Participant: 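Take a look at this one; I'll ask things after.
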Amino acid sequence: MSSSNSHKAIFRIVRRIPAGRVATYGQIAELAGLPRRARLVGYAMHRCPKNLPWHRVINAQGRISLPADGTSAMTQRRRLEDEGVTFIGGRVDLSRYRWGGEST
DNA sequence: ATTATGACTGCAG
DNA sequence: TCTGCAGCCATAA
C-alpha cells in the first residue's frame, strides 16, 4: 500500500474539523501522523471525496490556497463565512479560528 | 529511472 | 509584502 493509507488518514482528520473552524495543511499532516507532509495533504485535497469538508482546510498564512479568481476559492470562502468564519483582508485570523484538534 | 509540478511551510534577504 | 530556496512526496510524462 502506498499513498492510500496516508490519504485515508488525512481524510479522517479533515472530517473531524468542526464547522466554523479551520485547519492548516501542515496541522492536518501532523494530526494524521505525517509530520512535514503538508504538501501531501494538499495533493490529497486536490482529489478528495465530495463529502469531505475540504473548505475548512487553508494554508498556514490563513489564506485560501487556490487562485483567488477561481470558482473553487469563492465557494470555499462562502462556505466558511456561512459557518461564521470571517475574512479580514482576504485572510482568516488563525489565532481565533484555528482548530486545535479537539473533539466537539 | 529521471524530471517537472503542485490546494505546503518555514526561513532568509 | 514579495521572492527565492530547501525539505516533502504522490503523480504525470
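In this text the structure is predicted, and so the values were computed from the model without any measurement. Residue numbers start from 1 in every chain, and the chains themselves are labelled A, B, ... in the order their sequence lines are given, proteins ahead of strands.
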Participant: Sorted by first residue and then second, give each side chain to side chain donor-acceptor pair (under 3.5 Å) pair with at least one member in residues 36-45 of chain A; sequence neighbours left out.
Facilitator: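 Residue pairs with at least one partner in residues 36-45 of chain A: there are none.
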
Participant: I'd like to check Tyr97(A) versus Thr86(A) (side-chain heavy atoms, cut-off strictly below 4.5 Å). Are they in contact?
Facilitator: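 Yes; the side chains approach each other to less than 4.5 Å.
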
Participant: Considering residues at least two apart in sequence or located in another chain, which fulfil the side chain to side chain donor-acceptor pair (under 3.5 Å) criterion with Ser103(A)?
Facilitator: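 Per chain and number, Ser103(A) pairs via side chain to side chain donor-acceptor pair (under 3.5 Å) with no residue.
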
Participant: Report the residues that fulfil side chain to side chain donor-acceptor pair (under 3.5 Å) with Asp93(A), sequence neighbours left out, ordered by chain and then residue number.
Facilitator: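 For Asp93(A) the side chain to side chain donor-acceptor pair (under 3.5 Å) partners, ignoring immediate neighbours, are Ser95(A).
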
Participant: Using the side chain to side chain donor-acceptor pair (under 3.5 Å) rule, collect all pairs that involve residues 47-67 of chain A, keeping only residues at least two apart or in two chains.
Facilitator: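 For residues 47-67 of chain A: His55(A)-Glu83(A), Arg56(A)-Glu83(A), Asn59(A)-Ser65(A).
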
Participant: Scan the side chains in residues 12-32 of chain A for donor-acceptor partners under 3.5 Å anywhere in the protein, sequence neighbours excluded, and list what turns up.
Facilitator:
| from | atom 1 | to | atom 2 | distance (Å) |
| --- | --- | --- | --- | --- |
| Arg16(A) | NH2 | Gly101(A) | O | 3.0 |
| Arg21(A) | NH1 | Arg98(A) | O | 3.2 |
| Thr24(A) | OG1 | Gln27(A) | N | 3.1 |
| Gln27(A) | OE1 | Thr24(A) | N | 3.3 |
| Gln27(A) | OE1 | Arg98(A) | NE | 3.1 |
| Gln27(A) | NE2 | Trp99(A) | O | 2.4 |

Participant: Can you give one letter per nucleotide of nucleotides 7-13 of chain B, 5' to 3': B if a protein heavy atom sits under 4.0 Å from the base, S if only from the sugar-phosphate, - if neither?
Facilitator: BBSS---

Participant: Dump every N/O contact between nucleotides 1-3 of chain C and the protein below 3.5 Å, one line per pair.
Facilitator:
none

Participant: Mind checking the P distance from dA7(B) to dG7(C)? Whole angstroms is fine.
Facilitator: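 My reading of the P atoms in dA7(B) and dG7(C) gives 23 Å.
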
Participant: Mind checking whether Ile64(A) and Val92(A) have side chains closer than 4.5 Å, heavy atoms only?
Facilitator: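 Contact flag for Ile64(A)/Val92(A) side chains = no.
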
Participant: Check salt bridge (Lys or Arg N to Asp or Glu O under 4.0 Å) between Arg77(A) and all other residues, then give those that pass, not counting sequence neighbours.
Facilitator: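 Arg77(A) satisfies salt bridge (Lys or Arg N to Asp or Glu O under 4.0 Å) with Glu81(A) only.
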
Participant: I need the CG-P distance between Asn5(A) and dC9(C), as an integer number of Å.
Facilitator: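 About 15 Å, once rounded to whole Å.
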
Participant: Give, ordered by number, those residues of residues 92-99 of chain A having at least one heavy-atom distance below 4.0 Å to an atom of DNA chain B; if nothing qualifies, reply none.
Facilitator: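 Listed by number, there are none.
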
Participant: Side chain to side chain contact (heavy atoms under 4.5 Å, CB included) for Leu40(A) and His7(A)? Distances and angles first, verdict last.
Facilitator: CA-CA 8 Å; Leu40(A) 177 58; His7(A) 282 210; 4.2 Å; yes

Participant: Considering only distance and modelled atom types, tabulate donor-acceptor pairs under 3.5 Å from the side chains of residues 66-75 of chain A, sequence neighbours left out.
Facilitator:
| from | atom 1 | to | atom 2 | distance (Å) |
| --- | --- | --- | --- | --- |
| Thr75(A) | OG1 | Thr71(A) | O | 2.9 |

